[in-house]
Amino acid sequence: MTRLVVDLGARSYPIWIGEGLLVRAGHLLGDLVGRRRVAVITTPVVRRLHGAALERSLRQAGCELHVLLVPDGERHKTLGSAARLYDQLLARGLERGSPIVAFGGGVIGDLAGFVAATYLRGVPFVQVPTTLLAQVDASVGGKVAVNHPRGKNLIGVFYQPRAVLSDVGVLRTLPRRELAAGLAEVIKCGVIRDAGLFRFVERQAPAILAGDPRWLGTVIRRACAIKAAVVTRDEREEGLRRILNFGHTVGHAVEQLTGYRRYLHGEAVAMGMVAAARLSAALGLCPPAVGERLARLLRQCGLPVELPRLRPAGLLAALEVDKKMGEGYLYAILPEAVGRVVVKPLRAREVVSRLLDRHAA
């Protein structure tokens with residue numbers, strides 16, 4: 001087991017990474033869950049596959065456990081779902097000191113975290129991510145949100161968990177497509193901050209995608225260490241933390257414009273990263289070889305790299321409500337080389353024009 005720390009002073013918290021953590025959850029969380037009412041928010045599939053181990057461990061710690069189920073899928077990450085969860089929490093008598101445990105992928109982490117941040121003005125919150133994408137990215141950093149019809153994650157807050165428990169063993173049940181989607185976020189970390197991690201994935205992608213726990217543990221630790229370091233320096237995305245959005249501006253737009261049904265989040269991010277690299281090359285910020293190398297690795301992982309057909313007006317509308325807009329500019333995250341990115345303010349219309357001109361060609 002590895003223990004990392006997101007250092008935020010009095011609000012610092014551990015990230016535990018290893019195999020068999022579900023059966024140790026009650027011990028690791030200690031007094032946070034003992035002798036309290038605890039709500040676990042999860043999906044039917046995750047509960048069927050992994051719920052017994054977590055629930056047994058938490059009950060052994062002495063808590064009164066309540067399991068709340070949410071349907072699978074990004075389209076359920078809404079204010080309506082949050083409202084239904086509030087009703088269930090109130091009906092079960094959960095109080096200010098009652099923790100909420102997010103047990104699932106990124107959708108559950110975002111939704112349960114948003115509910116924890118807003119229920120009774122905030123209750124303790126623990127992340128137990130069950131997908132590679134959630135373990136390397138979504139569970140760390142305190143961004144919690146729900147979607148709005150006009151865009152992804154537009155309704156949200158910064159609300160840090162008390163702990164993150166990433167059990168590498170649960171990834172054995174993930175389909176290869178889900179592993180690949182999670183690996184997109186690892187590759188993102190390599191592009192923005194760690195050329196060595198990028199090279200590692202280039203060498204070990206087949207073993208990672210085969211579910212080898214040694215290599216999975218390695219990439220989870222390295223990606224979490226990068227994110228923890230960035231969040232420690234810029235918790236609320238006032239500067240440095242923007243780089244974590246590499247590939248997400250266009251990726252979120254693709255997800256929204258395709259109804260959150262066609263692509264997994266990591267797949268959309270893969271397309272967004274390649275689009276950003278090509279935009280960077282077009283602006284003279286990096287050689288075309290950077291985007292070519294990135295696209296080659298993503299293809300090797302079975303991820304899409306070309307944008308789907310998008311209406312210019314639809315893409316523009318999606319970008320103009322992006323969270324990274326400021327004073328009329330979109331703060332684009334563009335690579336200068338593998339391992340280094342720059343934040344550049346651009347007009348959304350310019351981004352759309354350059355992306356779709358190339359698409360049309």
Side-chain angles (χ1 to χ4, degrees), residues 13 21-23 25-26 28-131 133-135 138-139 142-148 153 155-157 159-167 170 173-174 260 265:
Y13 57 92
L21 297 190
L22 293 188
V23 299
L28 292 171
L29 297 175
D31 291 340
L32 180 64
V33 297
R35 300 178 303 281
R36 298 177 187 270
R37 289 175 179 158
V38 176
V40 173
I41 297 178
T42 188
T43 68
V45 171
V46 171
R47 190 184 192 196
R48 175 174 55 82
L49 291 172
H50 305 294
L54 178 67
E55 292 172 32
R56 185 183 309 114
S57 180
L58 293 176
R59 287 195 172 99
Q60 287 172 346
C63 74
E64 176 188 314
L65 193 62
H66 299 270
V67 179
L68 311 182
L69 298 177
V70 177
D72 286 289
E74 186 78 35
R75 62 189 179 275
H76 298 291
K77 197 174 79 176
T78 63
L79 284 170
S81 293
R84 287 186 286 275
L85 289 169
Y86 297 141
D87 289 341
Q88 294 177 67
L89 293 169
L90 289 166
R92 288 161 173 78
L94 270 81
E95 304 167 337
R96 284 296 278 283
S98 301
I100 288 177
V101 177
F103 184 40
V107 169
I108 287 295
D110 280 359
L111 174 61
F114 179 80
V115 168
T118 50
Y119 179 70
L120 304 180
R121 298 196 178 100
V123 298
F125 167 48
V126 175
Q127 287 270 21
V128 185
T130 60
T131 65
L133 189 146
Q135 291 189 1
S139 64
K143 274 189 175 181
V144 295
V146 295
N147 299 331
H148 185 276
N153 293 340
I155 314 299
V157 296
Y159 192 68
Q160 300 293 343
R162 297 288 185 90
V164 180
L165 277 68
S166 289
D167 190 331
V170 305
T173 61
L174 278 187
Y260 301 109
H265 174 65

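Everything quoted here is computed from the prediction, not taken from an experiment.
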Worksheet item: Side chains of T130 and H50: is there a donor and an acceptor less than 3.5 Å apart?
Response: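 Looking only at side-chain atoms, H50 and T130 do not form any donor-acceptor pair under 3.5 Å.
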Worksheet item: Is the number of heavy atoms from other residues, nucleotides or ligands under 6.0 Å of D87 CG greater than 12?
Response: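 Correct, the count exceeds 12.
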Discussion item. Under the side-chain contact (heavy atoms from CB on, under 4.5 Å) test against V126, which residue among V40, V164, L32, V33 passes?
Written reply: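 So, applying the side-chain contact (heavy atoms from CB on, under 4.5 Å) to V126 and each of V40, V164, L32, V33, only L32 qualifies.
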[atom2] on [Y] to [atom1] on [X], rounded to 0.5 Å:
{"X": "Y119", "Y": "L94", "atom1": "OH", "atom2": "CG", "answer": "5.5 Å"}
{"X": "I108", "Y": "T43", "atom1": "CD1", "atom2": "OG1", "answer": "6.0 Å"}
{"X": "I155", "Y": "F114", "atom1": "CD1", "atom2": "CZ", "answer": "7.0 Å"}
{"X": "R92", "Y": "S98", "atom1": "CZ", "atom2": "OG", "answer": "12.5 Å"}

Minimum heavy-atom separation for [X] to [Y], with atom names?
{"X": "R37", "Y": "P99", "result": "O-CD, 3.4 Å"}
{"X": "Y13", "Y": "Q160", "result": "OH-OE1, 2.8 Å"}
{"X": "S166", "Y": "L21", "result": "O-CD1, 3.5 Å"}
{"X": "G109", "Y": "F125", "result": "O-CZ, 3.8 Å"}
{"X": "A53", "Y": "V23", "result": "CB-CG1, 3.9 Å"}
{"X": "L54", "Y": "A25", "result": "CD1-CB, 3.5 Å"}

Worksheet item: Has the side chain of Y159 got a donor or acceptor atom that lies under 3.5 Å from a matching backbone atom of V115?
Response: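 Absent.
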Worksheet item: Would you say R96's side chain and L120's backbone share a donor-acceptor pair under 3.5 angstrom?
Response: yes
Check whether any side-chain heavy atom of [X] sits under 4.5 Å from a side-chain heavy atom of [Y], and report yes or no.
{"X": "L58", "Y": "L29", "value": "yes"}
{"X": "L85", "Y": "L111", "value": "yes"}
{"X": "V170", "Y": "Q135", "value": "yes"}
{"X": "I100", "Y": "L68", "value": "no"}
{"X": "V128", "Y": "D167", "value": "no"}
{"X": "L69", "Y": "T42", "value": "yes"}

Item to complete: Any pair with a residue in residues 53-62 that passes side chain to side chain donor-acceptor pair (under 3.5 Å), sequence neighbours left out, goes on the list, sorted by first then second residue, please.
Response: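 Side chain to side chain donor-acceptor pair (under 3.5 Å) check on residues 53-62 returns R47-E55.
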Worksheet item: Between V67 and F103, does a side chain to side chain contact (heavy atoms under 4.5 Å, CB included) hold up when you go through it step by step?
Response: CA-CA 10 Å; V67 179; F103 184 40; over 6 Å; no
Worksheet, complete the sentence: salt bridge (Lys or Arg N to Asp or Glu O under 4.0 Å) filter on R36, not counting sequence neighbours, yields none
Practice prompt. Just jot down the salt bridge (Lys or Arg N to Asp or Glu O under 4.0 Å) partners of D110, sequence neighbours excluded, or say none.
Written response: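 D110: salt bridge (Lys or Arg N to Asp or Glu O under 4.0 Å) contacts with K77.
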Practice prompt. Report the C-alpha separation of L133 and H265 in whole Å, then their side-chain angles, then the decisive distance to 0.1 Å, and conclude whether the side chain to side chain contact (heavy atoms under 4.5 Å, CB included) test is met.
Written response: CA-CA 9 Å; L133 189 146; H265 174 65; 3.6 Å; yes
